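Heads up, the thing below is written out as structure tokens.
A note on names: the letters A, B, ... follow the listed sequences, proteins ahead of strands, and every chain is numbered from 1. Just so you know, these numbers come straight off a predicted model, no measurement behind them. Only this structure's heavy atoms are used, side chains among them; waters, hydrogens and symmetry mates stay out.
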Amino acid sequence: MNGEAVERHTITVLVNNEAGVLARVIGLFSGRGYNIESLTVAEVDPAARTSRITIVTSGTPAVIEQIEAQLNRVVPVRRVTNWTAEQAGIEREMALIKVAGTGEKRMEALRMADAFRARAVDTTHTSFVFEITGAPSKIDSFIELMRPLGLVDVSRTGVAAISRGPEAM
Amino acid sequence: MDKDNTLALAPAATGAPVTLTGAEMVIQALRDQGVTHIFGYPGGAVLPIYDALFKVEGITHVLVRHEQGAVHAAEGYARSTGKPGVVLVTSGPGATNAVTGITDALMDSIPLVVITGQVPSHLIGTDAFQECDTVGITRPCTKNNWLVRDVNELSRTLHEAFQIATTGRPGPVLVDIPKDIQFQKGVYLPPANVQHRSYKPKTDPDPGAIARAVEMMAAAKRPVFYTGGGIINSGPEASKALRELVDLTGFPITSTLMGLGVFPASRPEWLGMLGMHGTWEANHAMHDCDLLICLGARFDDRVTGRVAAFSPNSKRIHLDIDASQINKVVRADLGIVADAGKAIREMVQVWKAKKKQSQPLKDWWAQIETWRGRKSLAFKNSDTLIKPQYAVDRLYELTKDKDVYITTEVGQHQMWAAQRFKFEQPNRWMTSGGLGTMGYGLPAAVGVQLAHPGALVIDIAGEASVQMTMQEMSTAIQYNLPIKIFILNNEYMGMVRQWQELLHGGRYSHSYSEALPDFVKMAEAFGCVGLRATSPAELDGKILEMIAVKRPVLFDCRVDPMENCYPMIPSGAAHNEMILSPDDGGEVSEAGKMLV
């Protein structure tokens, strides 16, 4: 099972929202040596007490298969979905990006933000905070463009994913 | 103070909600779950539970001498009965001392319910006396664990704990109960109607997969059954079904260390154990087979050797109750997620219903007989020194007609016992397989003997391992448990010394058991019987003396200190590269040296 290419996968885990459940899921990744590229978690149904954890990970197909199987063993896990493998899901991430500068660089940052449909949510004479939403690759590109224009701080939420069409997870 | 049987309030019978303290709920839940024995050690944070225990009859508490001993004893109890083992220990060091045993149970899929006391809720997180993050520490070494925050959740949690420990792939669970919760009163729920929200193990095999497996088996020219502890966990009926499947197919069968006893060692189809110290015939059959039927085993690295060279020309069927085991180490051509017993029974039924016939296996069996002819377990005996192999052989011959249960520690003696002691039934062999815990065997024997009072329970031990949990001899004395600790004393950590000989130029770094106690005197100090054998001539007499004594015995069997355990697959080698003796060479590759 060696020699297979490493792939990037987005995996969503629906869990009972109980004490320690996030530690269980994350501990599985660290304990078995799996990668976590990003992690998003929040309660999604207070009545049913379920939380949704979205994990972007990477590994060979064999490793990804093991990740899914191991997640399914965790007692408070209700459902595991691998968006990359199973179906076309929608992936979105939000980022807050702070750029400091004056003059032409400042104007250029604003023009770029407009092109990327990023909104300025905080403005001073010497800085902007942009809010941008999109696929992680779009956010990557925007951050790279901001770097020479005075990028000083980045906060990213990690990926949230959901399926297309009428069906639930 | 008088014992009180009225604590059992039979809530199911009255139908009305019953109010109990948290501590009483623990005892009531244990009773409702049919628990008769628990292994434990009191301390500040479990005193209310011990107080409730004091007031009732029907549950025997075994006071160990160290919490690790409690867990191993519970494992021995569980493995030999099929029932869950129950452990009760205090917070902080009580919990941390239990961690080795809990991890051992996780690796070997042994059902345990461990109940720990915790500091009172308001002190959690303050570095209180004997506080530790028990659920944090045990999260990776339990199947599931809980910190109980509300007394009204306690009974449900305890019943869930038993359900999760004993169903699906069994394993240890832990319930951590703060002391204030033990004192508080709340509503007790009986075990019925406890439905878990997300835990639903799959135990019924997919009929399509069973049909395909039967087709593959009927087409195989060089098949082999590779069986494991999953069949033992499924219950004695699974072993019976396996025997029937072997009867029907005539296939050869091997097993892992954990599976010994699933198939009678006296039967001609039995190839012996496979793996690093398995037999020549079992490993070569694995290597050369065209169909490998794995039933309740998990392709451990001790079994596969070098994975890239593992059974290179076979199709693989892999039956496991835990879906994550399939394709974990080697790819399966057919995976079946199910309870081993159910799946094997289905295979038997489908084979019969379709009137299947095996392919002619004459050539395959002829090949296997050639491998058997190498007599890979043979050894050079001595008139003057007791060879450890000889000692195990004599122990087997002199006890085989008795109701005997064997536990072991970990190392050379464990492998010699696994190779040479012949098991006809499941649940007779208790050993630490996955974790390889030195010190397992003595407390495990305590648990086994407690469950089987009239049986002959023998811990085949090494002098190094046995010193790790030696204090439990005191427990054996307290509860009149006539366990026999049969120490193959070679004055070395034998397996470490063997590896140092083979891999590290004979530099025996810290593997000599210097300053050994006089085991006979030590036995006497504990109040046990001490026996010693130093020559082959006196061995039988001493073993018979050991069997005759109805008290715990420490047997110091002085064996050849330099004997190595063969056959052996050197680290990083393939099944067909195993060595039978040091003369075979057995060069270990640089990559192999890296492995454990």
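Within the 4.5 angstrom heavy-atom criterion, only side-chain atoms of B/Asp322, from C-beta onward, approach chain A. The contact between A/Arg73 and chain B is made entirely by side chain atoms (from C-beta outward), counting heavy-atom distances below 4.5 Å. With a 4.5 Å cut-off on non-hydrogen atoms, B/Ile326 touches chain A through its backbone but not through its side chain. Contacts between A/Ala19 and chain B at a heavy-atom distance below 4.5 Å are absent for every atom of the residue.
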From CA spacing to verdict: side chain to side chain contact (heavy atoms under 4.5 Å, CB included), B/His196, A/Val75: CA-CA 9 Å; B/His196 199 271; A/Val75 167; 3.6 Å; yes

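The two residues B/Ser198 and A/Val77 make their nearest non-hydrogen contact at CB-O, 3.4 Å. For the residue pair B/Asn144 and A/Pro76, the shortest heavy atom distance occurs at OD1-CD, 4.0 Å.
The number of heavy atoms from other shown groups lying within 6.0 Å of CZ (A/Arg49) does not exceed 12. Within 6.0 Å of the CD1 atom in A/Ile162, the count of heavy atoms belonging to other residues, nucleotides or ligands does not exceed 12. The neighbour count for A/Lys98 NZ, taken as heavy atoms of other residues, nucleotides or ligands under 6.0 Å away, does not exceed 12. No more than 12 heavy atoms of other residues, nucleotides or ligands sit less than 6.0 Å from atom CZ of A/Arg119.
Top candidate by heavy-atom pairs under 4.5 Å with chain A, chosen from B/Arg197, B/Arg139, B/Lys200, is B/Arg197.
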Listed pairs under 3.5 Å, donor-acceptor, residues 101-110 of chain B side chains, sequence neighbours left out:
residue: B/Thr103; atom: OG1; partner: B/Val99; partner atom: O; Å: 2.8
residue: B/Asp104; atom: OD2; partner: B/Ser432; partner atom: OG; Å: 2.5
residue: B/Asp104; atom: OD2; partner: B/Thr437; partner atom: OG1; Å: 2.6
residue: B/Asp108; atom: OD1; partner: B/Gly434; partner atom: N; Å: 2.8
residue: B/Asp108; atom: OD2; partner: B/Gly433; partner atom: N; Å: 2.8
residue: B/Ser109; atom: OG; partner: B/Arg169; partner atom: NE; Å: 2.9
residue: B/Ser109; atom: OG; partner: B/Arg169; partner atom: NH2; Å: 3.4

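Atom CD of B/Glu153 is separated from atom CD of A/Glu18 by 10.5 Å, given to the nearest 0.5 angstrom.
Taking a cutoff of 4.0 Å between a charged side-chain nitrogen and a carboxylate oxygen, B/Arg331 and A/Glu65 qualify as a salt bridge.
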